[in-house]
Each structure stands twice: as structure tokens, then as C-alpha cells.
Amino acid sequence: MNDRLKSLYQTVILTKAKDKKFVGQLESYTHSITAYNPLCGDKYELQIIVEDDVVKSLKYNGSGCSISKASTTVLCEKLEGCNAQQVLSGIAEFMEIVDSDASRNAEEITKNEELLAFAAAREFPERKSCADLSWKELQKQFNQLFPYHSKE
Amino acid sequence: MNDRLKSLYQTVILTKAKDKKFVGQLESYTHSITAYNPLCGDKYELQIIVEDDVVKSLKYNGSGCSISKASTTVLCEKLEGCNAQQVLSGIAEFMEIVDSDASRNAEEITKNEELLAFAAAREFPERKSCADLSWKELQKQFNQLFPYHSKE
Amino acid sequence: MNIKSIKSEFPIFRQKTPAGTDLIYLDSASSTQKPQSVIDSITEFYSSHYANTGRASYWPATESTRQVEQVRKNVQQFIGAKSETEVVFTSGTTDSINKLANSIFNSDLWKGRQIIVSEMEHHANLVPWQIEAERHGLNLVAIPLLDSGELDLVAYKELLEKPTALVAITAISNVLGTINDVNKICRLAKAVGAITFVDAAQLAPYAGVNVEYLCCDFLSFSGHKLYGPTGIGVLYGKQDLLNQLPPFAFGGGMITEVDIEGSSFRDSPFRHEAGTLNIAGIIGLGAAIDFVEEVGFETIQSHEDELTIDLLNRLADIEGLKILGEQDRRGPLISFTIDGLHPHDLSTYLNESGICVRAGHHCAQPLMKKYQIPASTRVSFGVYNDMNDVEQFIKALKGAYEFFL
Amino acid sequence: MNIKSIKSEFPIFRQKTPAGTDLIYLDSASSTQKPQSVIDSITEFYSSHYANTGRASYWPATESTRQVEQVRKNVQQFIGAKSETEVVFTSGTTDSINKLANSIFNSDLWKGRQIIVSEMEHHANLVPWQIEAERHGLNLVAIPLLDSGELDLVAYKELLEKPTALVAITAISNVLGTINDVNKICRLAKAVGAITFVDAAQLAPYAGVNVEYLCCDFLSFSGHKLYGPTGIGVLYGKQDLLNQLPPFAFGGGMITEVDIEGSSFRDSPFRHEAGTLNIAGIIGLGAAIDFVEEVGFETIQSHEDELTIDLLNRLADIEGLKILGEQDRRGPLISFTIDGLHPHDLSTYLNESGICVRAGHHCAQPLMKKYQIPASTRVSFGVYNDMNDVEQFIKALKGAYEFFL
Ligand SMILES: Cc1ncc(COP(=O)(O)O)c(C=O)c1O
Ligand SMILES: Cc1ncc(COP(=O)(O)O)c(C=O)c1O
């Protein structure tokens, strides 16, 4: 297969899409967030425990393409244990990585391989909404929950 | 001016448009008919006295272009004194004269110079609705008044 | 026009895709490509006799008005209507249905009756009725689907036992491909005095339309799915019904008399066509109808059927692939799902080979919910497709299996 | 682009009329002719990257979607909107106003308030409000005209003393040519909490549009009067207002979730754009905006003003000819009547010299009644007109006097 595709679906994404570590339900949670793309039908329910401004635990359920699935897994991986400010800056970083209009190269933003894998979305603008589906929704909710951390 | 225009507006039409013989109000009448073209604003009110199935008298009032005015004058001239059947066949004849889709030449339909003047409307289909405005409305009303004469 | 060489009539196929491949366009159910004759008709119109219509007494307005009214007559003949006054130009199927739905329930007479749609409707033939049902106190009910992907006509007959205002049904499902027995559905509806509307968006480009045979009161289709321009569609309605309906919109050209206090309106079709029409769209629609009639619907159908049957056969062998619907009568489209391979990933993969398929819910969420799937992949055919397209698609599909699974 | 040679950009002027003359097109207020760049943009679009929009993940759909959203941004800049989400594509001004009027009075809150229009409105900016006023129990009132052809702003201020829901006003009268002080009218309306709508159909091609300067909540114009294609228009609305309004129509692309029982909808602009858009129309509108911006509105205005003033001066000398309106600020159009010479006869006469003028009530019957005339003749200018057009027109007008009077 051609290189463009390979770079989009490199092992990170195909692996993370199949990774079941964060798939499931939490017994109890403080926040539940639904990330839904009405145009393609991808839909995830994120359950989160936030304690003292810190994301203690995350799980998700739902269905979607391998890009949205992998990005939701990586979201859980990266944000577990972060405080509100770290969550928001982590999200902002991710959004910049997938944004084809961003001024910085993805490599200037992060060295993390798993995050960098999503930079290929810059080449496929129509798949950007898959890559940032869960991140965008989480950002929206966090900005409402913690307006004092939000810069918007 | 060019021949097409001359033939459309030949003396008959320009003269009949200025002819005031039938312009005015009847003191009393049996029928009043409004002929109106919403697209261009031409509007005539025809007052008619029908007695024993015969059109005894007609007058009209209103405004419009020279073609619709002339045709209303000629309508009054030609139909005064006609019985219902003659009115309807007179109208049908006129409608055929101005119809560019008609199979007969205008000259085959009538020898009457004043009616033939309107045959030029065949060359100007966008002005047909001026030529037959009053005739068409009268036909509609007569078909309702005298359904037994109507062939439609 | 020979169906074997018809692709050459469509300029878009003359170029390569950005991936460097031929364009293999398998999404005609969403919108069809345009033949040269349709494109030229628009160019020619704007270049040679463009003007607003509506009886201005100068050339080129006289010519553009004549052409528009000529297309109206051509549409009349194309759909088998009794009179050209039964043909209302709209901007598409969605526009047609919204206007009809918005105008038709204009009294309290309808309260408590039901509107019947089906579980396989496109959102365009569902949501407008839903909204109006709520607004005017009607009940919206849906004819259920059999497992085969066909409508349950026994259940439909039971539904009809309750007072029914209107039945709105698609002639061909844009997801399952099911060809509904519209004639029967409409006759049953007529028998209980219900008004009937047929969504012919998918039927028109495949088999043409005959409103008399379909036995419906109203019907609609879109130009852009019939090899014609965007922004133009048709709403057919029986003449007396169209004349009774309040105007769909208000503005220039549809008016008899206006005062600040009130207004009166012309008869159909002008009554329902407010403002400047999509004149070039109408001209292009005329050219599109000429095009499909020249090819001939017998040719179109048998050509597309051949492709559909071939693809069905080839897909049957593929492991983990499930085709939606197993009905007998099917239009030129097939939707399917693959275990573990999401439609969007497949579509992105196929795009790298220049192959265009649709992935998603196809604007038919109730149907997707019925099948308990969030999305599917759809392949649909137009006149320009050929066996090579099917082959390339199958080849790429197998590549996707290797890549993702 | 040089205004002196701009006619050559418009292919329609390359041919002779059926009368054998050059085409002298003086009806741009009804619809403008199309430059080559606009025609080419449509041809090129259909020939090279046509597909339905809405995020299908294949080329050419990705390209057509990108282009449509690019035009949305261009329109945003063209009208000075804050965000491209404030730009809703419609099929024209009439469609925009009907959709807005149909959607905006969706609660009983509005009952008993008034809608203010003016006596010079086009039917499109009058009748939809009339209908909705009646439906929802509002009063429709009209700002009266002064003898000069200007709005009576003193009377307007008095009208505003009663509770007012909405003020809908044209920026330029399509009959009188009057340029209204929209900024003032909207600010006065804002001061009493009324919503404002501006009909910019005639303003957009003459001076462009700046919604911030005009100070309005909603505004609309048509592509076909701006050198663009038919079947496309824009409704601008403030973002929060557009998001609060119930969707204008229902169907594909505007939906979040659908069940048979109910549906939920996306945010503006998608919320208000149901179904397949007039995609080629949008592309053509983009090319039209590029065209007028390349020429420049300063150039367009001064060019058209020059023609208008010249024609006004020449008409002043002609016996029995009465110009409608004697206002100071006038757009590029003049309406007049001639004692004893009916506009339709004049128009037919002029047509034989290849001259196109409009005769009739210009879809503004209340205005015509105010002036107590059934019809008038209107001459209006576009970028392609020149002094020779004015001269030919005057010459032919004198011929008409001889012929008819
Ligand atoms: C069955 C059906 N109905 C309605 C529509 C809507 O058509 P349009 O988008 O042209 O308004 C479509 C097209 O997607 C369709 O397939
Ligand atoms: C002032 C004004 N408003 C509205 C319209 C209606 O525009 P459209 O026919 O493009 O919908 C026109 C055009 O005739 C106009 O001049």
C-alpha cells in the first residue's frame, strides 16, 4: 500500500485501535461525556473520575473507525493522572498536532511517538474530525468545568 | 421603424387603442367582468348588459398597453348584438387568430381587417397575453354563464 | 449513445485522481457526475440568451422564458403528468418535501390522524413530516421492515385501519436498494382516502418515473442525482391539489394582487414558485432528461442491474462481509458491513486507489438503528460504471482486508 | 480589469440580437449577465472535481467540500461577518426571507407586536412578513414614503413607539432607486429591541455589503444579481440568533440524531442547510465575488453613477416623461412613465433595437398604487453598460415617441 496510507495507519494507530485497556465501564464516575460525530456516526461515551482537579481514571465505550478509536485510547492513556491544567494543555497540544493549518511541525510540538502518529491526519483533513472527536468534546466539557484554567 | 413592429402596431391597433367609443360606465348592467394580468398590471373592467341570451351593450374602463386596449375596444365592437353562441364562437375565432400554435393562417380564419390586425401577436408570443386578456376572461365567464353553449 | 462508451461523455473521467489513478466513481446514489451535454447547456445558456424569466418583453428574456416552459413540458412528459401545470420547480427533493409538508396541513381537520412513513426513509422524507406532525397534532408512524429488507405490507395494512392523512414513501431505499411496491402502497392509501407522496430521488435515475403508474398525488426528485445540475428539483402534484395548497413561499412572480393589508396568488405552478428561479438549473435539468432519454431507461436499467448482480455475487464470497437486505428487487446499490473493518477506514483506503464509495449512515439513522450498526459502506452505480470498476473495487477491497485485518 | 473594456468579459455581448443589433442590456436590477470567469468556474467544477459535499472521505468530495467552505469564508469577508458560521446558503433572496420569516416567530411571545416594513418593499420583503404576521398575531405596518421617494423617518420613529418585533427594510429600492439610510433605520430599531433584516438584493452588486456598518441582525442577497449563477443566495445572521432559530428545513446534513420519534439538529450554518446544496451555484457565487472585488466597488459605483446621472439629465428634457422619485441618493436605476405611452409598448418597441428595459410593476405593487400608476418603465445599469448604451436608448426612446404619439 502507498506511503500516505501507511503513515496514516501506522502501527500505532492500528494497534491502539485494538487496545482494549480503556474499553469498558467504571463502577462509579464523576463525569460522563458523549463524543459524537453526526456526519459519520462515530460515538464514544467517556466515563471519568475527577478528584481534587485530577483525572484519576478513564474508561470508554462506543464505536467508530480505527482513527477515532485509537485517538480515544491514547486520550485515556495520556490524560490519566493529569490535573485540570495538564488536561487542557495536553488537549491543546493534540489539537495542534492534527491541525493542518498549525504553524509548527508536529515534531516541534511533541517527541511522543504515539501522539505523533496522529500528525498524519494533517494530510487527510476529512479525517481530522475522527482524530480529534473525543479530544474536542473533552475540551469543551473541561472548559465549562474548569473555566479558570481555560484560556479561551 | 422595422416591419415587424409596423405589422404589430399597424394603424388598426394604434387607432382602436385611442378609440373612446366603448370607454365608460353603463348606468346599469347585468354582468361585470374584471380582466387582469398580474404580471404586467393591465386591468379592465367590462360592464355588459345581457338580455335573452343577447349582449345588448358593453362598456369598459381601465388601463393597459395599446394592444390590450385596442383588443378590448374591438371585443366590444364585434360582440355587441351577438347571442351567447355567437359570442363564444367569436371569442374562439379571436383566440385562434392570436395563437402562434394554431394550424390555420389568420387569413383562413377571418377576412375582417380589424381582427386580422391582431394576428401579428403570433410573432410576439410575449404579447399574446395583452391581445387576448379581455377575450380570455370573457370566455371564462361566458362558459360559466352559458355552459350549454360551451364546447369545453 | 452506446452504453459501452458512455463514460467518454463525462469529462470528469478524462483526468487522473490526485492518487494518479483513474477515477472509479461508485457513489452515484449520493450524486451523479455530469455529461458534457448538461455542462454545455449551462455554458451555452449563460453565454447566449441569459435573462430573468417571467414575461419581460425583450429578447433574451423571451427566449429564456420559452426554454424554461419547454423544460416544464419535457418534465411533464418525463414523469407522465397530465399537464405541465403539475410540475413545480424546487431546489431539490429535500426542498420539495419541506415545502409540501409545511403547506399541506393547514387546518385543524388533520388533527389526530396519522402520517405513515417507513423505517427505510431518508431523513429528508422523515424529519419534515415529524416536525409537521408535531406542529399540527398528527401521529407519525413507520411501516416496519421485514428481515429481508422489504417493507412489511401486512403491518402497513393494519396501520391503515387508523385514520390516515398521508402516506410518504420512498420508491427505492438509498441504503438497502429495496425497490418498494409503490403502486400497491399508494392504492391501499387511496382506498382509505389518504394523500400519497413518493420520494423518487433514487428511482428517477434508474427507471424513470410514471406518476400515473405509481398512482401518487405528489412526487419529487432531484436534478443532481439524474445527471443534472445541483440546486434544481421537481415537485409533481395533482393539479387540483396544487391549486388548493397555500403557496410554498411568497415573493415575485406568484402574486395576483398585493396591498400592505393582504395579497392574493396565482394558480399552480406559478403559485408555488416565488422569486427568481434557478433558471440555468432548469435548463440543465432539461438537458439531463434529454440525456437519460437518449440512452433509454431499458438500457440504463439492464446495464446497472448487470453490474449490481456481478458485485453481489463477488461480495457473497468474502468472509466477514454482510450485505444489508436480501430482497429480490434491488436498485443499483449495495450496502454492507465488514467485521472489524470500519466503513470510514475502508473508504479512506479505497480513495488511495481512486475509488469513491460512501461510508456512514447515509442519512437514514432509523434504518441503521434497526440493523444495529452505526455505519455501513455503500457502492452505487451510474450509467458510466463498467465491469472494470467492479473488478478494481473488489481488488482494492481485498487489499484493505490485508491492510487492516 | 479595466471598466472601459469590461463588456468583453461577458460572452453574451459578443453576438447580435435576433433583430440584428448589438445587445443593449438595461435590466441588471432584474438580473445581471455573467462574466466568463463565473461561467468557467461552473464548467470547470463539473468537469474536474464534482461530488456531493458533506465530508465523504474520497476525492473529489473532499475537494468540493473544501471549495464550498472556502466560498463560505469568502462570503464572510465580502459582507464583513464575524464568522463563516454566520453565512447560510439559500437559493436566493426570496428563499432567504421566506425561511427566516417562517422560522423566526416560533412562540406566542411575539403576539400583538408589530413588524415594520416600508411602502417601497419588493414583494419578497413584504408578503412573507404579511403571512407570518397573520399566522402569529402580529401587526404589519409600513413606513410611508415622502413625495421625494425617500422614507419618512419621522413617521418611522412614531411607528417604533409601539412594541416592535422586527424591522425589515430594503437597502435600495428596485423601483425608485432610493438608497435608504439603513444604518440609521437599524440603529433606531435596535434601540427599541427590535430584530433587523436588510434586503441587500440591489445593494450588493452596487456597493457591496458590510453588515457591521449596516448594523443589522440578518441580511440577504442573490447571486444572480451579483454577476453570479441562478439558484444561489445568502442569508447572513448573527451567530447566536441563527443558532437559536428552529432549522429552516429538515433533511440530510443538518441532523445530529434521528429516531422515528424525534430529531435533534446541528449548529448554524449546517442547521439551516438541509439536503444537497446548490454546490455549483456556490462555486459560481465565489467566482462572482472574486469578479466584483477585482473590479472594485469604488470603480463600479462611480462608473454606474456616471451613467445614471447622464441618463437622468437626458430624460429631464423629454416632454411628458415623469421620473419616479427625486431623492438625492440613488442606486444605478431609474423608473419613469410617459403620458400616453404604455411601458409594455415602449419595451416592445425598444426590443426591436436590441434594447432591454423592464416594464411593469417590478414586484412592488404597493409602491405603484402609492404613485397611482399601474406600471412603469425601468432602466438599470450593470458594470458592462457604457455611454453608448445610454445614447442608443435615448435615440430609440425618441423614435418611440414618433411612432406612438
Ligand atoms: C431516497 C432519498 N430521498 C431524498 C434525498 C435527498 O435529496 P437531495 O439531497 O437532493 O435533496 C436523497 C439523497 O440523498 C435520497 O437518496
Ligand atoms: C429589492 C429586491 N428584493 C428582493 C428581490 C428578489 O430576489 P430574488 O428573485 O433573487 O429572490 C429583488 C429582485 O427582484 C429585489 O430587487
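In this text the structure is predicted, and so the values were computed from the model without any measurement.
- Between C:H224 and D:N52, the shortest heavy-atom distance links the atoms CE1-ND2, 3.9 Å.
- The CD1 atom of C:I39 sits 10.5 Å away from atom CZ of D:F45, with the distance rounded to the nearest 0.5 Å.
- The choice from C:A51, C:G231, C:G92 that makes the most heavy-atom pairs within less than 4.5 Å of chain D is C:G231.
- Contact count versus chain C (heavy atoms, under 4.5 Å) is highest, among D:P366, D:C356, D:G223, for D:C356.
- Of the atoms belonging to D:F265, it is side-chain heavy atoms, and not backbone ones, that fall under 4.5 Å from chain C.
- Panel note: side chain C:K369, backbone D:V258; a donor-acceptor pair is recorded below 3.5 Å.
- The candidate with the highest count of non-hydrogen atom pairs below 4.5 Å against chain D, out of C:L126, C:L140, C:T276, is C:T276.
- Considering all non-hydrogen atoms of both residues, C:T94 and D:G251 come closest at CG2-CA, 4.1 Å.
- Both the backbone and the side chain of C:I260 come within contact range of chain D, with heavy atoms under 4.5 Å apart.
- Heavy atoms of C:L277 lying under 4.5 Å from chain D belong exclusively to its backbone.
- No part of D:E134 comes within reach of chain C, as not one of its non-hydrogen atoms sits under 4.5 angstrom from that chain.
- Contacts between D:N102 and chain C at a heavy-atom distance below 4.5 Å involve the side chain alone, from C-beta outward.
- Note: C:S263 leads C:S263, C:A359, C:A280 in heavy-atom pairs under 4.5 Å with chain D.
- Contact annotation for C:H361: neither backbone nor side-chain heavy atoms come within less than 4.5 Å of a heavy atom of chain D.
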> Would D:F250 and C:E132 count as a side chain to side chain contact (heavy atoms under 4.5 Å, CB included) if you check the C-alpha gap in whole Å, the side-chain angles of each, and the deciding distance to 0.1 Å?
Replying inline: CA-CA 11 Å; D:F250 304 89; C:E132 296 302 325; 5.7 Å; no

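- Residue C:H344 touches chain D through both its backbone and its side chain, counting heavy-atom pairs closer than 4.5 Å.
- Qualifying salt bridge (Lys or Arg N to Asp or Glu O under 4.0 Å) partners for C:R66, counting only residues two or more places apart in sequence or in other chains: C:E63.
- Residue D:T21: no heavy atom, backbone or side chain, is found under 4.5 Å from chain C.
- When each of D:H122, D:E257, D:R14, D:E119 is checked for heavy-atom pairs under 4.5 Å with chain C, D:E257 comes out on top.
- Heavy atoms only, all atoms of each residue included: D:R358 and C:A56 are closest at NH1-CB, 3.1 Å.
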> Do D:V357 and C:Y58 pass the side chain to side chain contact (heavy atoms under 4.5 Å, CB included) test, and can you show the C-alpha distance, the side-chain angles, and the key distance before you say yes or no?
Replying inline: CA-CA 7 Å; D:V357 300; C:Y58 60 76; 6.0 Å; no

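- With a 4.5 Å cut-off on non-hydrogen atoms, C:V38 does not touch chain D at all.
- The candidate from C:T17, C:I131, C:T348 with the greatest count of non-hydrogen atom pairs under 4.5 Å with chain D is C:I131.
- Heavy atoms closer than 4.5 Å to chain C are found in the backbone of D:H49, but not in its side chain.
- Contact tally against chain C (heavy-atom pairs below 4.5 Å) for D:P18, D:S91, D:G275: the top residue is D:P18.
- For C:T90, no part lies under 4.5 angstrom from a heavy atom of chain D.
- For C:N278, the parts lying near chain D are the backbone and the side chain together; criterion is any non-hydrogen pair under 4.5 Å.
- Ranked by heavy-atom pairs under 4.5 Å with chain C, the first of D:M368, D:Q130, D:H362, D:H123 is D:Q130.
- Heavy-atom minimum distance, D:Y46 versus C:T230: OH-N, 3.0 Å.
- Of all the listed residues (D:S57, D:G253, D:P11, D:G54), the one sharing the greatest number of non-hydrogen pairs under 4.5 Å with chain C is D:S57.
- Neither the backbone nor the side chain of C:E121 comes within less than 4.5 Å of any heavy atom in chain D.
- Of all heavy-atom pairs spanning D:C363 and C:G252, the tightest one is SG-CA, 3.6 Å.
- Looking at C:F89, neither its backbone nor its side chain comes within 4.5 Å of chain D, counting heavy atoms on both sides.
- Applying a 4.5 Å heavy-atom cutoff, the residues of residues 23-32 of chain D that approach chain C are D:L23, D:Y25, D:D27, D:S30, D:S31, D:T32.
- Put simply, CD1 on D:I12 and OG on C:S47 are 8.0 Å apart, with the number rounded to the nearest 0.5 Å.
- Between D:Q365 and C:T256 the shortest heavy-atom distance is NE2-O, 3.4 Å.
- Looking at C:N125, there are no atoms closer than 4.5 Å to chain D (heavy atoms on both sides), in backbone or side chain.
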